[in-house]
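Here is the structure we will look at.
All values below were derived from every heavy atom in this structure, side-chain atoms included, with hydrogens, water molecules and symmetry-related copies excluded.
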Amino acid sequence: MAVDKPDAHRLRVMPWWLVLVGLLAAAALGWLVLDLLLSEADRATQPDTRATLRIDAIRTGLTVVAGTGGGLALLLAARRQWITERAQRHQESVAAQDQAHRNRVQSHAEAVADAAQRHQDRQSGAAEHDAAERRLTELYTRAVELLGNDSAAVRLGGLHALERLGQDNPGQRPTITAVLCAYLRMPAGDGEPRETEVRRTAQRVLTRHLRADDAAHWPEATLDLAGARLVDFDAAGCTLVDANFTAAAFTGTTTFAGATARGRLLLGTAVFDDVVFDDLNVEGEIMLDGVRVGGSASFDDAAFDGLSCRRSSFAGPASFRRATFGQPTSFDATRFEDATTFQEADFVGALSMEHTEFGGSASFHAARFTNMALFRWTIFGAEALFDRARFTDAANFGRARFHRMASFRDAQFSRPPQVDQARAVTDPGHRWPTGAVVERLDDEWLLLVDR
């Protein structure tokens, strides 16, 4: 704050002799005037006139003396007023400086106090953070130690301790998820019931926090269960982000029904007993290359952005009813040993089933192929049903093998299908596409050729 500076010139004190000199000068001036006037009065010839003039001279001299004294008094009064005003300004300036100084001192004191408070708060916060971190580390370490205990009951307690720790501390959820996944990836004793129960609990802890509509959802959790052994794994309704189940062994019934997969869902070379993917919604790519399913597999009403299922095997019935395949889909060199249905499936992207083998019936009833469909070198070991199927783009059945009846009744083709060197066993139930050229090779086989 700007403050007016006091006058830099020092106040000079009027000496007493100066006043005396002024009075003497006034008296001398009066005397001089009186003397002059008296001299002039003495020159009068008449005595009366001379007396009158002398009286006037005296009166005038006194008036001059009085006037000069009055002027000196006025000057002294003016100087006294000026001194008073200057003293007032000086006092005001000093008071303003004092106030400014007090304000600066107060501001400095407040700033120091505020800085001290902030420092104290930081120290307090750091101490609390350190204490919380130490406590968290202790809890985490203790829970992990419990998880490594020889007793199954203690391991169960460790699982629940980790879950509670993750629920209360969101920042620890990725680490806890990784620990649980690592536990499930570790080798397990074959048929050990207590360890099986521990692993089931670990699975439930993971999947319980993967359901987006649940208050206990952990959006930070990412599953890495590559090579894990999972029992009756239930991920129904879960949201899986870049989940990895490569080479995992699933025993019992595995379900991903109603789940949502974001990013990549990796299941390559995994082994299943029975598996359910009904209503699965994949917002990325799902990898099923090399998968082996010993029991049934259901993909009804599932929606895939992209599916790769090459060199896989399905020992039991497989169902893809009303499934939607958005991006290019490949089942190349896959074997379906039992009945398989793609009834009312919608192949928006290109489909490749080259060298695929169907041991049981293969139904593509009312399926829609918007893009190219490749069935070259495909083996149909039982009925091949394409009734009411619709092919919007090219369809290629070159060198396919039909070991039982093939039916394309009411199938629609935007262009004649390619069937070069396809073969079919002799069967009166065949219903070939309109315009197909069929030649007899021998008593057992027919040959389909392109026009």
Ring-ring centroid check W432 F397, cutoff 6.0 Å: no
If we only count heavy atoms from C-beta on, is the [X] to [Y] side-chain gap below 4.5 Å?
| X | Y | answer |
| --- | --- | --- |
| L156 | V154 | no |
| L351 | L374 | no |
| E85 | R80 | no |
| Q421 | L447 | yes |
| Q203 | L230 | yes |
| P433 | F391 | no |
| F331 | R311 | no |

Consider only side-chain N and O atoms of [X] and [Y], and report whether a donor and an acceptor are under 3.5 Å apart.
| X | Y | answer |
| --- | --- | --- |
| D273 | T251 | no |
| Q167 | E163 | no |
| Q99 | R102 | yes |
| E145 | N149 | no |
| T253 | D232 | no |
| S407 | R409 | no |
| T324 | D346 | no |
| R204 | T201 | yes |

Is the backbone of [Y] close enough, under 3.5 Å, to the side chain of [X] for a donor and an acceptor to pair up by distance?
| X | Y | result |
| --- | --- | --- |
| T329 | Q327 | yes |
| H209 | W218 | no |
| H217 | T239 | no |
| N169 | Q172 | no |
| T378 | F375 | yes |
| S312 | G290 | yes |
| T340 | F336 | no |
| T334 | S313 | no |

Set of salt bridge (charged side-chain N to carboxylate O under 4.0 Å, His left out) partners for R194, sequence neighbours left out: E192
Plane angle bin for F386 and F408 - parallel if under 30°, tilted between 30 and 60°, otherwise perpendicular: parallel
Aromatic plane relationship, F364 with F358 - under 30° parallel, 30 to 60° tilted, over 60° perpendicular: perpendicular
cation_pi(R199, Y183) dist<6.0 Å, angle<=45: yes
Listing, residues 219-227 side-chain donor-acceptor contacts under 3.5 Å, not counting sequence neighbours, or none:
none

Residue pairs fulfilling ring pair (Phe, Tyr, Trp, His ring centres under 6.0 Å) with at least one residue in residues 274-299, sequence neighbours excluded: F256-F277, F277-F299, F299-F320
Nearest-0.5 Å distance, CZ of residue R322 to OG1 of residue T341: 9.0 Å
Ion pair check, D332 and R310, cut-off under 4.0 Å: no
